[in-house]
> 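The following block contains the structure, expressed as structure tokens.
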Amino acid sequence: MSANEVKEQVRAKYGAAALRVRSGEDRGCCGGSCGCDPISGDLYDAAETGALPAGAVQASLGCGNPTALAELREGETVLDLGSGGGIDVLLAARRVGPTGKAYGLDMTDEMLALARENQRQAGVTNVEFLKGEIEHIPLPDASVDVVISNCVINLSADKGQVLREAFRVLKPGGRFAVSDVVVRGEVPDVVRRSMELWVGCIAGALEEREYGRLLTQAGFEGIDVEPTRVYDFADACAVLSDAGLDADELARDVGGRIMGAFVRATKPA
């Protein structure tokens with residue numbers, strides 16, 4: 001798979017998901033069927049989502065809740081890589097308050113339109129949604145305090161470039177605080193080759209130690225990978241079946257090796 005092929009497949013899938021939400025249809029899901037999605041289900045507390053537009057909640061295709069774990073502070077500037085329908089941007093804007101700022105970056109026109117509509121409905125003013133790719137962030141050097149992301153970096157075909165860009169836009173002492181799908185050990189080649197699983201947040205996931213190595217190469221320190229949800233045999237079966245693979249055979253090699261994780265690192269001060 002070329003980088004452009006991956007990018008266009010991701011763009012198409014998430015654009016279609018945004019259109020389904022705006023039309024009132026069932027949401028698209030990251031890594032599973034919507035009724036019992038083992039990756040995107042039950043990530044947010046009702047108290048967090050109660051004040052948000054329904055479209056922001058329905059378009060949530062992540063694997064974690066980075067705004068709850070990133071310890072955002074009043075007055076900070078936050079950047080969400082691959083912001084989708086805007087749920088994490090809106091939550092971050094609430095945490096940094098009126099003196100702070102939350103940027104959302106997405107390459108998909110349909111998701112940006114949905115996010116801006118959700119912002120309008122929420123009446124949030126300290127938010128700005130930008131069009132662009134996470135490999136080429138359209139912000140100046142040392143311009144944000146925190147970079148967050150939710151199950152998006154694993155979708156990039158050049159994760160090292162994403163991490164270098166995150167390092168560039170962070171201020172000295174700035175924090176990298178993302179939720180992502182991470183692999184422990186090896187997974188079968190047939191899973192890695194599956195475009196459907198790549199777009200669905202699994203086939204492109206980094207191995208845990210490789211994630212740390214790329215963060216170190218980008219210049220980060222204080223690196224920590226904290227599992228937040230480990231997907232078991234049943235979870236693996238659901239995801240593999242949706243992708244048209246032999247679930248019974250492959251799930252034994254995949255179950256327990258794939259996890260949602262919170263990845264922390266710091267740009268040296």
Side-chain angles (χ1 to χ4, degrees), residues 1-22 27-32 39-40 59-63 79-86 88-89 103-116 129-141 147-169 176 178-183 186-207 210-211 213-215 217-218 239-240 242-245 254 258 263:
M1 292 180 290
S2 71
N4 284 336
E5 286 174 328
V6 171
K7 189 174 297 181
E8 290 311 310
Q9 289 286 341
V10 170
R11 194 193 310 271
K13 175 161 182 171
Y14 287 87
L19 291 176
R20 285 196 296 272
V21 170
R22 297 198 76 181
R27 55 177 252 192
C29 293
C30 169
I39 292 179
S40 293
S60 172
L61 306 177
C63 58
L79 168 64
D80 181 17
L81 300 179
S83 49
D88 294 311
V89 178
Y103 289 103
L105 174 64
D106 206 281
M107 69 175 181
T108 308
D109 289 327
E110 296 86 349
M111 276 295 185
L112 286 167
L114 176 62
R116 288 167 179 150
F129 288 101
L130 308 171
K131 183 175 181 179
E133 299 175 354
I134 62 176
E135 296 87 358
H136 307 284
I137 299 172
L139 287 173
D141 296 356
V147 170
I148 65 172
S149 185
N150 198 346
C151 199
V152 172
I153 294 174
N154 66 84
L155 299 175
S156 172
D158 191 350
K159 299 171 183 64
Q161 172 65 15
V162 175
L163 300 181
R164 289 190 293 272
E165 277 289 274
F167 186 89
R168 178 185 66 80
V169 300
F176 179 84
V178 310
S179 293
D180 215 350
V181 175
V182 178
V183 172
E186 297 298 321
V187 297
D189 287 343
V190 66
V191 174
R192 290 287 186 189
R193 289 195 301 267
S194 169
M195 179 65 77
E196 176 62 25
L197 285 186
W198 193 303
V199 178
C201 300
I202 289 179
L206 284 171
E207 201 278 327
E210 177 69 0
Y211 215 132
R213 186 185 69 81
L214 290 177
L215 283 166
Q217 283 188 345
V239 174
L240 294 168
D242 284 351
L245 300 177
V254 176
I258 299 169
V263 184

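Here the structure is a predicted model, which means the values were calculated and not measured.
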> Is a donor on one side and an acceptor on the other found under 3.5 Å between the side chain of D106 and the backbone of G84?
yes
> Is any side-chain heavy atom of Q9 closer than 4.5 Å to one of K13?
no
> Check whether any side-chain heavy atom of H136 sits under 4.5 Å from a side-chain heavy atom of Q161, and report yes or no.
yes
> So which heavy atom on Y14 is nearest to which on T108, and how close?
C-CG2, 4.2 Å
> A side-chain contact here means heavy atoms from C-beta on lying under 4.5 Å apart; do L206 and D180 qualify?
no
> Taking the side chain from E165 and the backbone from I137, do they hold a donor-acceptor pair closer than 3.5 Å?
yes
> Find out whether I134 and L155 are in side-chain contact, i.e. whether some heavy atom of one side chain is under 4.5 Å from a heavy atom of the other.
no
> Is there side-chain contact between L245 and V190, with heavy atoms separated by less than 4.5 Å?
yes
> Is the shortest heavy-atom distance from the side chain of L114 to the side chain of E110 under 4.5 Å?
no
> Sub-3.5 Å donor-acceptor pair from the side chain of K159 to the main-chain atoms of Y211, do we have one?
no
> Is there a side-chain contact between I153 and V263 (heavy atoms, below 4.5 Å)?
no
> Are the side chain of S83 and the backbone N or O of L105 linked by a donor-acceptor pair below 3.5 Å?
yes
> Look at E133 together with K7 and state whether they make a salt bridge at an N to O cut-off of under 4.0 Å.
yes
> Run the salt bridge (charged side-chain N to carboxylate O under 4.0 Å, His left out) test against E207 and tell me which residues pass, sequence neighbours left out.
R209
> Does F167 have any side chain to side chain contact (heavy atoms under 4.5 Å, CB included) partners at least two apart in sequence or in another chain, and if so, which?
F220, K267, P268
> Any idea which heavy atoms bring L112 and L130 closest together, and the distance?
CD2-O, 3.6 Å
> Do D109 and K131 make a side-chain contact, defined as non-hydrogen atoms from C-beta onward lying under 4.5 Å apart?
yes
> Assess whether atom CD of E186 is packed by more than 12 heavy atoms of other residues, nucleotides or ligands within 6.0 Å.
no
